[in-house]
2 protein chains.
Amino acid sequence: MIKSSPKFRRESAAQRKETLILATLALIAQDGVRGATVRAIANRAEVSQGLIRHHFSSKEDLITAAYAHHMSHMTNLTTAPALTTGISAKARLEAFVATGLVPPVVDPGMVSLWASFLNKLRVDAKMREIHEQTYHDFRDRLEALIADALCEAGIATEPRALRRLAIACNAVIDGLWIEGGALPGAFEPGELPEIGLKSVGAIIGLELEYVGGWT
Amino acid sequence: MIKSSPKFRRESAAQRKETLILATLALIAQDGVRGATVRAIANRAEVSQGLIRHHFSSKEDLITAAYAHHMSHMTNLTTAPALTTGISAKARLEAFVATGLVPPVVDPGMVSLWASFLNKLRVDAKMREIHEQTYHDFRDRLEALIADALCEAGIATEPRALRRLAIACNAVIDGLWIEGGALPGAFEPGELPEIGLKSVGAIIGLELEYVGGWT
DNA sequence: TTCCTAATTATACGGTTGCATAATTACGGA
DNA sequence: TCCGTAATTATGCAACCGTATAATTAGGAA
């Protein structure tokens, strides 16, 4: 008897879950939440639709997992360059701001994805929890960078004031990131990071500069 | 023959359209785009579902109209106080910034609504057009206020630099507005406008202050 | 009053959705 | 080698979606 090629491959739960999550994110980024149907996701991940319910208790569960995955991914993408050792605190802050304002972080798909999730915050408590945690995580990293940069410059700052600086800087970055993604082509290349650096610098009282190399 | 009470009332096209638009916005704010089905909208507006297709060529058409309505509403809400005559340019700018960062502009429903529409920008060209126009309209008003305030303070600014200041200030306001709406309770009352004024002030190089009276 | 017309309702249809259930099948351990 | 079991597929269903069409009805014009 000739052994025919297997009709499917078994994979670990973790791998399958990630595959499904990535397919979900790709679909939402492309067509909005509306496009992420169970059948479309299964099709994109090249599995049957029944498999989704085998790994996730409901479609809502998958969406939530995709949200968490995406948010931590974006945070890591932005944070990574700021972890470089051997450079000044000011340089790390500059890298952090600039990285968050150029592709691939600034991207229509990313913004669309983020917006799709944002309007679920009202309804879903689990989503709200994830958002809150991600937001604070991101802001805390930013606050630490600001604190280091200010300390390095010999500027003392109270915790309360520091928190507000971080909130404000986070807001500029977010705002620029959104418009950059929502209106691609409305800004010249390199304009967004330049504006971001100048603004963040003005807010915290340091002169931050645009360093080339960010494509 | 006893005349029974009429089963429905005829109204002008404009009135009906607005009723339907408001019902749509209320539903989207409450349950997200997913909740704004034709039947739900008709139910909320207390009309039959067929009426929607009588006034709008499609559901998509209604959604688009609702988006335009909502955006101009928000812009007007924020802009109104800045039109006050007889006060300094700086005071008008302060009013503009502060108004946009307190209720009813800062509100979970408003943010949810805005986010719901945002993720349609990728797909729908008409939506993108409305977004672009609204964004530029808002930013232009902000830019004019900044120009006046700087001029009043005797600070000369090039058009190119002015544009970037407006982009940056717009971003701070947007970012703060979003988080204020997405995470109600995460900020103390009055904290958002205070941070917003300080940040905008730092960016453009003026000292803006929080004036009480904004509840 | 009578009639005409546009606003409104009533009803139905094809397609899609998320989910449940049962039948297959890969693949590691005995 | 064989077998158990969990991963995967196949199939079906009830509910809901947007839309089309025809039947009502309000309310002004003549």
Side-chain angles (χ1 to χ4, degrees), chain A residues 1-24 27-28 30-67 116 120 123-124 126-127, chain B residues 1-24 27-28 30-67 116 120 123-124 126-127:
Chain A
M1 184 100 83
I2 297 175
K3 194 168 189 176
S4 62
S5 66
K7 296 181 178 173
F8 58 86
R9 248 188 72 196
R10 294 187 150 196
E11 295 193 3
S12 72
Q15 268 181 328
R16 271 290 187 240
K17 281 195 173 187
E18 187 170 355
T19 302
L20 292 171
I21 285 175
L22 292 181
T24 305
L27 281 171
I28 295 182
Q30 185 181 329
D31 306 319
V33 228
R34 199 178 185 81
T37 68
V38 172
R39 283 166 181 80
I41 296 169
N43 194 47
R44 178 128 191 169
E46 293 181 326
V47 296
S48 75
Q49 53 174 307
L51 193 60
I52 290 176
R53 289 258 318 154
H54 185 259
H55 287 291
F56 296 93
S57 65
S58 72
K59 185 200 168 187
E60 213 52 32
D61 189 26
L62 168 56
I63 299 285
T64 304
Y67 179 50
S116 298
K120 293 209 163 203
V123 189
D124 195 327
K126 188 90 185 174
M127 286 273 192
Chain B
M1 184 100 82
I2 297 175
K3 193 167 192 175
S4 62
S5 65
K7 295 181 178 176
F8 58 85
R9 248 189 72 195
R10 294 186 154 200
E11 296 194 1
S12 74
Q15 268 181 327
R16 271 289 187 240
K17 281 194 174 190
E18 187 170 356
T19 303
L20 291 172
I21 285 175
L22 292 181
T24 305
L27 279 172
I28 295 183
Q30 185 182 327
D31 306 320
V33 229
R34 200 179 183 79
T37 69
V38 173
R39 285 165 179 81
I41 295 169
N43 194 46
R44 178 126 190 169
E46 293 182 326
V47 296
S48 74
Q49 51 173 308
L51 192 60
I52 290 177
R53 291 253 324 151
H54 185 261
H55 287 291
F56 296 93
S57 65
S58 71
K59 186 202 168 187
E60 213 52 32
D61 189 26
L62 168 57
I63 299 285
T64 304
Y67 180 49
S116 298
K120 293 208 164 209
V123 190
D124 194 328
K126 187 91 185 174
M127 286 274 191

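Convention: sequence-line order gives letters A, B, ...; per-chain numbering from 1.
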Undergrad: C:dT25, OP1 or OP2 - any side-chain N/O from A:Arg9 closer than 4.0 Å?
TA: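 Answer no for this pair, as no side-chain N or O of A:Arg9 is under 4.0 Å from OP1 or OP2.
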Undergrad: What is the separation between atom CZ on A:Phe56 and atom P on D:dT8, rounded to the nearest whole Å?
TA: 12 Å
Undergrad: Can you tell me the distance, in whole Å, between the CG atom of B:Leu62 and the P atom of D:dT19?
TA: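 Answer to the nearest Å: 10 Å.
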Undergrad: Over how many whole Å does the gap from B:Leu51 atom CG to D:dA23 atom C1' extend?
TA: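 Distance check: B:Leu51 CG to D:dA23 C1' gives 16 Å.
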Undergrad: Rounded to whole angstroms, how far apart are CD1 on A:Ile41 and P on C:dC19?
TA: 11 Å
Undergrad: Nearest-nucleotide wise, let me know which of B:Arg10 and A:Gly50 is further upstream toward the 5' end of DNA chain C.
TA: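 This one resolves to B:Arg10.
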Undergrad: Rounded to whole angstroms, how far apart are CD1 on B:Ile52 and C1' on D:dT19?
TA: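 Whole-Å distance recorded here is 12 Å.
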Undergrad: Is the positively charged end of A:Lys17 above the ring of A:Phe56, judged by distance under 6.0 angstrom from the centroid and angle within 45° of the axis?
TA: yes
Undergrad: Using a strict 4.0 Å threshold on nitrogen-to-oxygen distance, state whether A:Arg9 and A:Glu46 make a salt bridge.
TA: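 No, no charged N to carboxylate O under 4.0 Å.
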Undergrad: Tell me: CG of A:Leu27 to P of C:dG18, nearest whole Å?
TA: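 So the two atoms are 11 Å apart, to the nearest Å.
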Undergrad: Just the rounded figure in Å: distance from C1' of C:dC27 to NZ of A:Lys7.
TA: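 Computing the A:Lys7:NZ to C:dC27:C1' distance gives 16 Å.
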Undergrad: Calculate the interatomic distance between A:Glu46 atom CD and D:dT8 atom P; express it in whole Å.
TA: 14 Å
Undergrad: On a heavy-atom basis, which atom in B:Ala45 and which in B:Thr19 lie closest, and how many Å separate them?
TA: CB-CG2, 4.1 Å
Undergrad: Does D:dA7 have OP1 or OP2 under 4.0 Å away from a side-chain N or O of A:His54?
TA: yes
Undergrad: If you look at every heavy atom in A:Met127 and A:Thr64, which pair is closest and at what distance?
TA: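 In terms of heavy atoms, the two residues are closest at CE-CA, 3.7 Å.
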Undergrad: On a heavy-atom basis, which atom in B:Val33 and which in B:Ile28 lie closest, and how many Å separate them?
TA: N-CG2, 4.0 Å
Undergrad: Could you tell me the separation between the CZ atom of A:Arg44 and the CG atom of A:Leu20, rounded to the nearest 0.5 Å?
TA: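 CG of A:Leu20 is found 13.0 Å from CZ of A:Arg44.
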Undergrad: Anything under 3.5 Å between a protein N or O and an N or O of nucleotides 15-18 of chain D, put it in a table, one pair a line.
TA:
from: D:dG18; atom 1: OP1; to: B:Lys59; atom 2: NZ; distance (Å): 2.5
from: D:dG18; atom 1: OP2; to: B:Val38; atom 2: N; distance (Å): 2.8
from: D:dG18; atom 1: N7; to: B:Arg39; atom 2: NH1; distance (Å): 2.9
from: D:dG18; atom 1: O6; to: B:Arg39; atom 2: NH2; distance (Å): 2.7

Undergrad: Measure across B:Ala36 and B:Ile41 and return the closest heavy-atom pair with its distance rounded to 0.1 Å.
TA: O-CD1, 3.9 Å
